[in-house]
Structures are given as C-alpha cells and as structure tokens.
S.K.: 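Here it is, the structure in full.
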Amino acid sequence: MFKKAIWHFLISLHDENFTKEYREVVLLKNKQQLKNLEDEKLKSLLLHAYKETNYYKKIFDQINIIKNNKVDLNKFQKIPILTKEIIRKNQNDLKRNNFDKHWSFENSSGGSTGEPLKIWQDKNYKKWHNAARIYYFKKLLHIDEERAKKILLWGSERDLLKGDIGLEKKITNFFLNTTILNTFKVSKEKMKEYLDIINKQKPNFIRGYAGSLYELANFVQKNN
C-alpha cells in the first residue's frame with residue numbers, strides 16, 4: 001500500500017494522473033459501449049490528423065475518408081500502414097501544424113530490429129497509455145498490475161548501449177515491483193542466470209517481446 005501511494009504521488013508530480021481517462025473506459029457496462037467509445041475516439045483522432053498534419057491531409061483526400069467534416073470508418077482499412085520508412089521520410093509533415101516542443105517530448109523505438117526511430121509524444125498519450133494498460137490488466141486479466149511482482153523480458157538496444165536504465169527508471173521499477181531482463185543479445189549463460197532470477201523471484205507474471213518469450217521457453221524445454 002505504501003509503495004502504491006508513493007507511486008501515485010510521483011505520477012501527480014509529473015502531471016500524468018490518468019484517473020479521468022481510466023474512468024472513461026472502466027465505467028462502460030458492455031462491449032457495445034466499448035465499441036461506441038472506440039469509434040468515437042477513432043473518428044476524433046482521424047479528424048485531428050486531417051486538420052493538423054500535412055501528411056494525413058494528403059492521404060485522407062486521396063481515399064476520400066473525410067467529407068463535410070464527417071469520417072467514413074468503412075474506408076479506414078484504406079489508410080496506408082504507418083511504417084518506419086514513411087515516418088522517417090515525412091517527419092515534418094507528420095507533426096501537427098502548431099507543434100509545440102514544450103508540450104511534447106522526444107522518444108524512440110528500442111532499436112531491436114535496426115536503427116532506433118525517433119518519434120514525438122505528449123502527456124495526453126501517456127495518460128491514455130497508462131489508463132489502457134491498467135484497464136487491460138485489472139478488468140481483463142484480473143491482475144493488480146501496479147502491485148503484482150513482474151519480470152519484463154526486454155530487448156532494447158538503446159538501453160543496452162546506455163549500459164544503465166537510469167535512476168528515474170530504476171525508481172519507477174522499484175515502486176512497480178518490476179525487474180527488467182535485457183534479451184537483446186543473450187547467451188546460454190545469461191539464459192540460465194535469467195531463469196535463476198525468475199525462479200528466485202517467483203513473479204506473478206512475465207511480460208516481454210514474443211520472440212524473447214519464445215526463446216526463453218525453448219531454452220527451458222531443451223534443458224529440462
């Protein structure tokens with residue numbers, strides 16, 4: 001209880017409290033209401049992208065998904081999948097027209113499949129990300145994700161090259177009972193070390209990249 005209280009206090013200091021966003025989802029009574037909210041949020045997002053970014057203004061005009069300020073979700077599948085190559089080629093056109101660095105922060109992919117991709121996110125993204133994560137664990141898996149003891153099999157080259165995940169992340173992991181095991185480059189000796197950690201800690205659940213989970217499970221089976 002003490003660790004959870006401290007964690008929520010730290011969240012409040014960063015102005016990332018996601019209570020409002022979480023309640024908007026958790027108060028839904030059935031799948032239809034969830035679907036309605038999904039459609040509503042998706043339409044709002046597409047309109048925002050259309051009005052605020054040059055890239056999607058061009059794409060949406062080509063597929064005619066927006067007409068008279070209304071979104072035709074039947075044409076949603078026609079939107080090109082946003083690949084890393086497209087993002088790199090259209091960095092400026094993908095930023096909103098009145099982009100303000102003061103309200104956003106730079107992030108990047110881990111680089112586990114190649115060169116890390118730089119992207120911009122904001123606090124609104126972080127709030128909905130946290131709300132969706134808690135909803136998934138609490139309502140669908142019936143797990144108190146904040147209190148549960150967990151091990152994360154990660155594969156971030158970015159973190160590996162740093163050699164250290166940083167003080168802020170360490171504090172966050174402590175209050176969220178999280179142990180991170182880097183699986184970007186791992187030997188048989190490391191696999192054994194990680195299994196010793198898992199057996200010792202006995203986590204409530206293990207989360208990670210599908211490839212990392214597969215390789216660990218495969219190692220367990222081959223070595224009994």
Side-chain angles (χ1 to χ4, degrees), residues 1-14 16-19 21-22 25-26 84 105-119 121 123 125-224:
M1 182 64 70
F2 173 73
K3 289 174 72 173
K4 188 173 183 179
I6 294 295
W7 168 241
H8 283 292
F9 173 70
L10 292 173
I11 287 178
S12 67
L13 290 180
H14 282 76
E16 293 166 6
N17 190 293
F18 50 90
T19 302
E21 287 76 15
Y22 179 71
V25 178
V26 79
K84 290 182 178 181
F105 57 92
E106 187 177 298
N107 202 350
S108 67
S109 63
S112 56
T113 58
E115 181 186 350
L117 177 69
K118 291 182 179 180
I119 55 176
Q121 296 170 331
K123 289 182 178 180
Y125 157 79
K126 294 190 75 173
K127 288 180 179 180
W128 277 105
H129 171 79
N130 288 330
R133 190 190 77 248
I134 298 301
Y135 175 83
Y136 173 77
F137 280 100
K138 187 171 290 185
K139 292 299 178 181
L140 301 184
L141 300 183
H142 307 291
I143 294 175
D144 188 341
E145 196 259 353
E146 291 176 323
R147 291 187 184 182
K149 186 188 296 185
K150 47 198 166 290
I151 286 180
L152 179 61
L153 297 179
W154 211 235
S156 172
E157 183 180 24
R158 173 189 58 198
D159 295 335
L160 185 66
L161 291 175
K162 285 181 180 178
D164 196 337
I165 61 174
L167 180 60
E168 182 179 354
K169 191 64 177 178
K170 285 180 179 178
I171 293 174
T172 300
N173 291 339
F174 171 75
F175 284 107
L176 287 180
N177 296 317
T178 302
T179 298
I180 295 181
L181 304 179
N182 197 308
T183 57
F184 180 68
K185 292 180 180 178
V186 63
S187 62
K188 290 184 178 180
E189 289 71 25
K190 270 292 181 184
M191 282 282 197
K192 293 177 181 177
E193 178 186 329
Y194 288 172
L195 286 173
D196 287 340
I197 292 173
I198 292 171
N199 289 328
K200 182 179 179 180
Q201 293 194 7
K202 294 181 172 58
N204 297 107
F205 67 89
I206 300 172
R207 184 166 67 90
Y209 289 124
S212 299
L213 294 167
Y214 171 80
E215 291 300 335
L216 185 66
N218 198 36
F219 181 84
V220 171
Q221 282 192 330
K222 285 184 177 180
N223 294 275
N224 297 312

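Residue numbers count from 1 along this sequence.
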S.K.: Report the C-alpha separation of K138 and I143 in whole Å, then their side-chain angles, then the decisive distance to 0.1 Å, and conclude whether the side-chain contact (heavy atoms from CB on, under 4.5 Å) test is met.
M.R.: CA-CA 5 Å; K138 187 171 290 185; I143 294 175; over 6 Å; no
S.K.: Mind running salt bridge (charged side-chain N to carboxylate O under 4.0 Å, His left out) on E193 and K190 for me, showing each step along the way?
M.R.: CA-CA 5 Å; E193 178 186 329; K190 270 292 181 184; 3.5 Å; yes
S.K.: Between Y194 and N182, is there a donor-acceptor pair closer than 3.5 Å when you use the side chain of the first and the backbone of the second?
M.R.: yes
S.K.: Side chain to side chain contact (heavy atoms under 4.5 Å, CB included) with T179: which of K150, K149, Q201?
M.R.: Q201
S.K.: Of the non-hydrogen atoms in A148 and F205, which two are nearest, and what is the gap between them?
M.R.: CB-CE2, 3.9 Å
S.K.: Are any side-chain N or O atoms of N177 and backbone N or O atoms of R147, one a donor and one an acceptor, separated by less than 3.5 Å?
M.R.: yes
S.K.: Could you go step by step and tell me if R133 and E145 meet the salt bridge (charged side-chain N to carboxylate O under 4.0 Å, His left out) rule?
M.R.: CA-CA 9 Å; R133 190 190 77 248; E145 196 259 353; 3.1 Å; yes
S.K.: Taking side chain as C-beta onward, heavy atoms only, is E215 less than 4.5 Å from M191?
M.R.: yes
S.K.: May I ask you to test the L181-L152 pair for a side-chain heavy-atom distance under 4.5 Å?
M.R.: no
S.K.: Could you measure the distance from the NE2 atom of H129 to the CZ atom of F18? Nearest 0.5 Å is fine.
M.R.: 9.5 Å
S.K.: What do you reckon, are the aromatic ring centroids of Y214 and Y209 less than 6.0 Å apart?
M.R.: no
S.K.: Donor-acceptor check, side chain of K139 to backbone of Y136, threshold 3.5 angstrom: yes or no?
M.R.: no
S.K.: Mind checking the CD1-NZ spacing from I119 to K84? Nearest 0.5 Å is all I need.
M.R.: 10.0 Å
